[in-house]
Amino acid sequence: QVQLVESGGGLVQAGGSLRLSCAASGRAFSTYVMGWFRQAPGKEREFVARITWTGGWSYYRDSVKGRFTISRDVAKNTVYLQMNNLKPEDTAIYYCAAGSAGSSYSHEFHYWGQGTQVTVSS
């Protein structure tokens with residue numbers, strides 16, 4: 001079993017920054033893909049970024065490219081999402097997820113954290 005615990009959310013003004021953390025425990029993650037997703041009120045959950053645990057290959061949705069950076073600390077079993085130049089449309093609950101190698105879509109990720117709220121004021 002895998003446990004994921006997010007932290008780092010909060011309220012920030014437009015143009016500000018936040019760093020989300022996802023602490024993972026429960027099993028080895030060497031073959032996993034770690035992802036960040038978000039869900040705004042009244043909207044479907046959407047992909048934000050993902051990274052391979054081994055190799056650190058990353059991929060982003062277009063609207064966050066150049067502003068968000070996903071990274072991982074293998075020694076700490078932690079994945080991060082550094083969010084810069086935040087916009088009001090980034091407001092959502094952000095979820096960390098873990099999936100087997102090749103996972104891309106939300107339904108392919110087997111394990112999910114409880115979510116952390118990010119609110120960006122204009």
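Here the structure is a predicted model, which is why all the values come from computation and not from measurement.
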Minimum heavy-atom separation for L18 to G8, with atom names? CD2-O, 3.8 Å

Going through the checks in order, is the side chain to side chain contact (heavy atoms under 4.5 Å, CB included) test met by C96 and W36? CA-CA 5 Å; C96 175; W36 285 98; 4.0 Å; yes

How close do S100 and V33 get, counting heavy atoms only, and between which atoms? O-CG2, 3.9 Å

Check for a donor-acceptor pair, side chain of T52 on one end and backbone N or O of W57 on the other, with a separation under 3.5 Å. yes

Is there side-chain contact between S103 and R50, with heavy atoms separated by less than 4.5 Å? no

Just jot down the salt bridge (charged side-chain N to carboxylate O under 4.0 Å, His left out) partners of R45, sequence neighbours excluded, or say none. none

Nearest 0.5 Å, what's the CG-CD distance between L81 and E6? 11.0 Å

Partners passing side-chain hydrogen bond (donor to acceptor under 3.5 Å, both in side chains) against N85 (at least two apart in sequence or in another chain): none

Test of understanding: with side-chain hydrogen bond (donor to acceptor under 3.5 Å, both in side chains), list the residues that count as partners of Y94, not counting sequence neighbours. R38

What is the distance from atom OG of S104 to atom OH of Y59, rounded to the nearest 0.5 Å? 8.5 Å

Residues two or more places apart in sequence or in another chain: which of them pass ring-ring contact (aromatic ring centres under 6.0 Å, His included) with F109? F37

If you define the side chain from C-beta out and look only at heavy atoms, does anything of L86 sit under 4.5 Å from F68? yes

Is the closest side-chain heavy-atom distance between V48 and Y95 below 4.5 Å? no

One should read off an interatomic distance between R72 CZ and M34 CE, to the nearest 0.5 angstrom, of 11.0 Å

Atom OG in S63, atom NZ in K87: separation rounded to 0.5 Å? 8.0 Å

Side chains of residues 115-122: which donor-acceptor pairs under 3.5 Å do they make with residues two or more places apart or in other chains?
{"from": "T116", "atom 1": "OG1", "to": "G9", "atom 2": "N", "distance (Å)": "3.2"}
{"from": "Q117", "atom 1": "NE2", "to": "A92", "atom 2": "O", "distance (Å)": "3.4"}
{"from": "Q117", "atom 1": "NE2", "to": "T119", "atom 2": "OG1", "distance (Å)": "3.3"}

Please tell me if the side chains of M83 and L20 come closer than 4.5 Å, counting only heavy atoms from C-beta onward. yes

Under a single-linkage definition using a 4.5 Å side-chain heavy-atom cutoff for Ile, Leu, Val, Met, Phe, Trp and Tyr, are Y32 and V74 assigned to the same hydrophobic cluster? yes

Could you work out, with salt bridge (charged side-chain N to carboxylate O under 4.0 Å, His left out) as the rule, every residue matching K65, not counting sequence neighbours? D62

Answer yes or no: are there more than 12 heavy-atom neighbours, outside Q114 itself, under 6.0 Å from its atom CD? yes

Between OG1 on residue T91 and NZ on residue K43, distance to nearest 0.5 Å: 10.0 Å

Taking all atoms of both residues into account, what is the closest heavy-atom pair of W112 and S106, and its distance? CZ2-O, 3.4 Å

Search all heavy atoms of V79 against all heavy atoms of W53 and return the closest pair with its distance. CG2-CZ3, 3.2 Å

If hydrophobic clusters are built from ILVMFWY residues whose side chains come within less than 4.5 Å, do V5 and V2 share one? no

